[in-house]
Structures are given as structure tokens and as C-alpha cells.
*Asks:* 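Dropping a structure here in C-alpha cells format, bear with me for questions.
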Amino acid sequence: MIKLHNQSLSKTLTSISIAAILPMFMLSSYLLWALSNATNAYSGINNNISYANKYVIDFKERIDYTMYLAVIGNKSIDEIGTGKTTVNGIVTVNPYFYIEELGEACNKLSQTATVPVNTNQIKRVKNTLNALDKSVASLENNIKKGTLYNKNMDILDRDIYALTSLVQSGLQNYIYTETTNFENVKADLDKKNSQMVTTCLITLFIVIVISALLTTRAVKSITIPVRKLCSLTSRVAKGDFTANTKVESVGEIALLTRNFNDMTQEIGQLVEDIKRNKENIHLIEMKLLQAQINPHFLYNTLDTIVWLAEEKKTNEVVSIVTYLSDFFHTTLSKGKDFITIEEEELHVGSYMKIQKFRYQDVMDYEIHIDKELYPYTIPKLMLQPLAENALLHGIRNKRGGGHIYITGRKDGDSIIFQVKDDGCGIKPEELLKLRQGIANNNIKTTDNSGFGVVNVNQRIQNYYGNEYGISYESEYGKGTTATIIIAAKNI
């Protein structure tokens with residue numbers, strides 16, 4: 001008995017794939033998340049430093065020099081002008097606008113600060129900017145009032161320069177604090193790297209264990225039953241058709257085993273049928289010769305059945321046996337000598353289907369008989385011998401194979417059948433010999449092919465008259481057409 005897990009092969013393989021892929025997917029997602037965090041942290045710090053550094057030198061230098069020019073020139077901010085490059089290369093600014101610009105920059109630096117202490121640092125810088133804005137306004141007001149130069153210079157030194165120094169110092173402290181955070185990010189990244197390595201090793205170990213367990217389970221559920229089936233197949237090959245096995249499971253292997261049991265039983269029955277047929281083969285041969293059915297056709301068909309059975313092609317075995325059954329059903333016809341054209345078409349069709357199994361790469365065929373002819377009764381076995389000749393002497397001897405076309409139609413008071421092939425054709429001297437043999441009802445050949453044609457021609461003339469019968473047209477190397485003409489009447 002074969003014991004299988006109650007899981008199909010496809011589900012087992014899917015489980016193995018999920019066990020291997022899902023953990024690795026989760027691990028990869030975690031690694032990408034950690035890497036993204038570290039990259040964002042580094043990028044945030046670098047952006048803050050670059051943004052703050054833009055104002056560290058320029059702000060103090062440009063505010064101080066602009067206000068210095070205002071004091072020594074005793075001019076207002078508007079009179080000095082903005083955006084002018086002085087002799088020492090410093091560009092003048094509007095202090096109010098520049099202070100407001102730095103205030104907006106401080107808001108952004110406060111939001112993006114990677115260290116909490118820098119938020120407070122920016123608040124202090126903004127408070128200093130507010131004081132600086134007031135000092136600038138106060139100094140400009142004194143200049144407009146005409147306050148003494150010494151007093152304005154004192155305000156410039158005591159207030160303006162001191163406050164811009166505080167702003168510069170605050171920004172420098174912000175940059176320094178952000179820079180030191182690089183070490184914290186690096187330490188955190190090193191910690192996460194260690195965790196990731198540990199996680200990778202653990203995940204890899206779990207994946208290997210689970211995959212190994214599932215793979216072992218799948219292998220056992222496949223290889224063991226297959227080995228037993230191979231052993232049973234060997235017994236069947238030796239002729240023991242009692243070999244059988246039981247399956248208590250579902251899935252592909254279980255289905256294969258059940259099909260094997262059914263096939264073995266069916267083949268055993270077929271072999272028994274073949275044995276019984278062989279016991280009476282000498283009687284069958286006599287009937288076949290009388291009906292001009294080549295005994296080798298039966299042998300070859302039975303050999304084909306055995307070959308298909310050994311190849312475990314159950315469906316093909318059933319099909320060919322069915323065709324063989326239909327063939328002999330018409331051949332025997334319960335002893336009747338006449339059948340309908342519909343039955344004749346079924347008979348020659350069964351013959352061609354059987355031959356198609358043997359010559360599938362060599363021969364193809366088509367049968368087109370008008371349905372209005374179906375009710376007519378004719379002498380049985382008229383078309384099969386001609387189809388056999390077309391196959392054996394036309395198609396089989398042609399390199400690359402060919403087609404056989406069987407047609408039937410009514411023409412006035414006559415019924416015309418044609419068996420046409422695109423095989424190797426008949427040599428002119430052999431065609432002449434064939435026509436003379438048909439005319440004399442006597443063809444001497446080494447096989448039964450000529451006898452079959454004469455047999456059909458004799459029966460046609462016996463039942464319909466000498467004006468009816470078989471004629472042949474052939475072109476060597478291109479093909480042959482055999483034509484049967486009979487009266488359109490029931491015999």
C-alpha cells in the first residue's frame with residue numbers, strides 16, 4: 001500500500017517555494033528599510049549643515065559692512081542701496097530683508113534638525129535676529145535724526161556687531177551639533193548592521209530547515225510511490241496483469257496510481273481478448289482471405305495495440321480497439337453480403353483510422369461521400385481493398401508520405417467512388433498490366449493486392465453488369481486514382 005500525504009504535488013511544491021521566498025522577501029524588505037533610514041539620516045544631516053553653512057560667514061559680514069557704510073556715510077539703508085559690491089568684495093544687503101530671510105531659513109533648520117537640542121539653538125538664533133532687527137532700526141533712526149557719529153559707531157560696535165556675532169555663533173553651534181550626530185548615526189547603523197547579520201543568519205537557518213523538511217516530505221511522497229509503480233510496471237511488462245496497488249490519498253500521484261490500476265485491468269482484459277482471438281486465428285484468416293482483408297493488417301493492428309498497451313497509452317488503446325471493432329462489425333455484418341453506403345463509409349473510415357496509428361507521420365486521408373448516397377445498399381468491402389492498395393503501394397513507398405482522398409457522388413443513374421492518392425504512382429508497364437488483369441479478372445502478384453482489386457471488380461460486374469467496374473489512372477511519381485462506377489440502385 002502506498003501512503004501519501006493528503007496534499008497535491010502542486011501544493012507541496014508551492015509550499016516549498018513560499019517557505020523559501022517569503023522569509024527572504026521579508027528580510028530583503030527589512031534590509032532596504034534599514035538602508036533607507038541610514039541614507040535619509042546622512043542626507044538630512046548633510047543638507048542641514050550645507051544650508052546653515054551658507055549663512056555662517058555671509059550674514060555677519062554683509063550685515064556688519066552694510067551698517068558700517070550707513071554710519072560712516074551718514075546714509076539710510078535706501079540711500080546705500082542693496083546688491084552692490086564694495087571695493088573689498090562684500091555685497092551690500094537690505095538688513096531687514098536679510099534678517100527675515102535668515103528667519104525663514106531658521107524655521108526650516110528647526111524642522112529638519114536631527115538633534116533635539118538644535119531646535120532650542122535655532123530658537124535662540126531667532127530671538128537674536130529679532131533683537132538685531134530692532135537695533136538696525138534704532139541705528140537707522142539715529143542716522144536720520146543726525147545723531148553724532150561717535151554715538152552711532154558705539155551702537156554699531158555694542159549692538160550690531162555683537163548681535164551678528166551671536167547669530168554666527170549660534171549657526172556654528174548648530175552645524176557642530178549636527179556634525180557630531182554623524183557619529184551617532186554611524187553607531188546606530190553599526191548596531192543595525194550587527195542585528196541584520198544576525199537576522200540574516202537566523203532567517204537563512206530557518207529557511208534551510210523548513211525547505212529541507214518540506215523537500216524531504218515531497219521526495220518521499222513522490223519517489224516512493226513512483227518506485228513501487230515502476231516495480232509493478234515491470235511485473236505487468238512480464239505479463240502479470242494482476243499487479244495492483246491501493247492509494248489512500250489525493251493528488252497527482254494518487255491519480256496516476258488509480259489510472260495505472262485501471263489501465264492494467266483493461267490491458268489484461270485486452271490481452272485475454274487477443275489470446276482468445278489468436279486461438280481461432282486460422283478460422284479468421286480464411287474469412288479474411290475470402291473478404292480480401294490482408295491477415296497482416298490484423299497482425300499489425302494487434303501488434304500496435306500491444307505496443308500502445310505497453311506504452312500505457314490507455315486512451316489510444318481504447319480508440320484503436322473501438323476502430324477495430326467497428327471494422328470487423330462491418331466486415332462480418334452478421335453474414336450479410338450487402339450493406340448501406342453509410343456502413344461502407346464507416347468501414348473504410350475505421351480502416352483508415354487504424355492505419356493512421358501506424359503511419360501517422362506518413363499518411364493522411366480524407367473521406368467525402370455525399371450523404372444522399374447513404375441509403376443505397378451495395379456489396380460490402382468495395383472501398384477498403386482500394387484504400388489498402390493506395391496506402392501500401394502508393395503512399396508507403398513515397399518519400400515524405402502523402403494523402404489518400406476517398407470520395408463518393410451520384411452522377412445521373414450512376415454512383416461514382418474514387419480512391420485517389422498522391423503517392424509514387426504506377427509505372428506505365430505496370431499500369432498496363434494492372435488494367436489487363438482487371439479486364440481479364442486475373443492479376444498475378446506476389447501479395448493479395450491484385451486479388452483484392454479483381455475480387456471487387458468481379459462482384460461489381462456480377463451484381464451490376466459488365467458495363468460497371470473498376471478503372472485505374474496513374475502518373476508515375478505523382479499519384480494514382482482508382483474509380484468505381486456502379487448503378488444507382490439498391491441490390
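Sequence positions, counted from 1, serve as the residue numbers for this chain.
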*Asks:* Test your reading of the model: is there a side-chain donor-acceptor pair from Asn173 to the backbone of Ser169, 3.5 Å cut-off?
*Replies:* yes
*Asks:* Heavy-atom count check: over 12 atoms from other residues, nucleotides or ligands less than 6.0 Å from Lys356 NZ?
*Replies:* yes
*Asks:* Between the side chains of Gln355 and Tyr351, is a donor N or O closer than 3.5 angstrom to an acceptor N or O?
*Replies:* yes
*Asks:* How far does NE2 of His368 sit from OH of Tyr405, to the nearest 0.5 angstrom?
*Replies:* 9.0 Å
*Asks:* Would you say Asp422's side chain and His403's backbone share a donor-acceptor pair under 3.5 angstrom?
*Replies:* yes
*Asks:* Going by atom types alone, do Lys60 and Ser165 pair a side-chain donor with an acceptor below 3.5 Å?
*Replies:* yes
*Asks:* Tell me, with the steps shown, if Val362 and Lys398 meet side chain to side chain contact (heavy atoms under 4.5 Å, CB included).
*Replies:* CA-CA 9 Å; Val362 176; Lys398 176 187 176 182; over 6 Å; no
*Asks:* With side chain to side chain contact (heavy atoms under 4.5 Å, CB included) as the criterion, how do Asp58 and Tyr98 come out once you've worked through the C-alpha distance, each side chain's angles and the decisive distance to 0.1 Å?
*Replies:* CA-CA 10 Å; Asp58 289 350; Tyr98 205 30; 3.6 Å; yes
*Asks:* Keeping the roles fixed (side chain from Ser110, backbone from Cys106), state whether a donor-acceptor pair exists under 3.5 Å.
*Replies:* no
*Asks:* Just how far is it from atom CG of Asn118 to atom OG1 of Thr177, taken to the nearest 0.5 Å?
*Replies:* 4.5 Å
*Asks:* Could you check whether the rings of His347 and Phe327 sit parallel, tilted or perpendicular, using 30° and 60° as the cut-offs?
*Replies:* parallel
*Asks:* So, Glu343 side chain and Thr340 main chain: donor-acceptor pair closer than 3.5 Å or not?
*Replies:* yes
*Asks:* Among Thr480, Thr481, Leu391, Leu386, find the one that has a side chain to side chain contact (heavy atoms under 4.5 Å, CB included) with Asp421.
*Replies:* Thr480
*Asks:* Give a yes or no on whether the backbone of Val167 and the side-chain of Thr128 come within a donor-acceptor separation of less than 3.5 Å.
*Replies:* no
*Asks:* Would you give the length of the straight line joining atom CG of Leu156 to atom NZ of Lys151, rounded to the nearest 0.5 angstrom?
*Replies:* 14.5 Å
*Asks:* State, to 0.1 Å, how close Glu344 and Gln384 come at their nearest heavy-atom pair, and which atoms those are.
*Replies:* OE2-N, 4.2 Å
*Asks:* Roughly how far apart are Glu473 CD and Lys420 NZ, rounded to 0.5 Å?
*Replies:* 11.0 Å
*Asks:* Does Glu178 form a side chain to side chain contact (heavy atoms under 4.5 Å, CB included) with Thr114? I'd like the steps, not just the answer.
*Replies:* CA-CA 7 Å; Glu178 287 290 315; Thr114 61; 2.7 Å; yes
*Asks:* Is a side-chain N or O of Gln168 found less than 3.5 angstrom from the main chain of Phe59, in a donor-acceptor match?
*Replies:* no
*Asks:* Roughly how far, to the nearest 0.5 Å, is OG of Ser76 from CG of Leu139?
*Replies:* 11.5 Å
*Asks:* Test Val348 against every option in Ile404, Ile369, Ile406 by the side chain to side chain contact (heavy atoms under 4.5 Å, CB included) rule and name the one that passes.
*Replies:* Ile406
*Asks:* Using distance alone, with no hydrogens and no angle criterion, decide if Gln121 and Tyr176 have a side-chain donor and acceptor under 3.5 Å apart.
*Replies:* no
*Asks:* Given side chain to side chain contact (heavy atoms under 4.5 Å, CB included), test Met67 with Ile77 step by step and report yes or no.
*Replies:* CA-CA 8 Å; Met67 296 310 299; Ile77 301 300; 3.8 Å; yes
*Asks:* Say you draw a straight line from CG of Asn127 to CG of Leu166; how long is it, rounded to the nearest 0.5 Å?
*Replies:* 11.5 Å
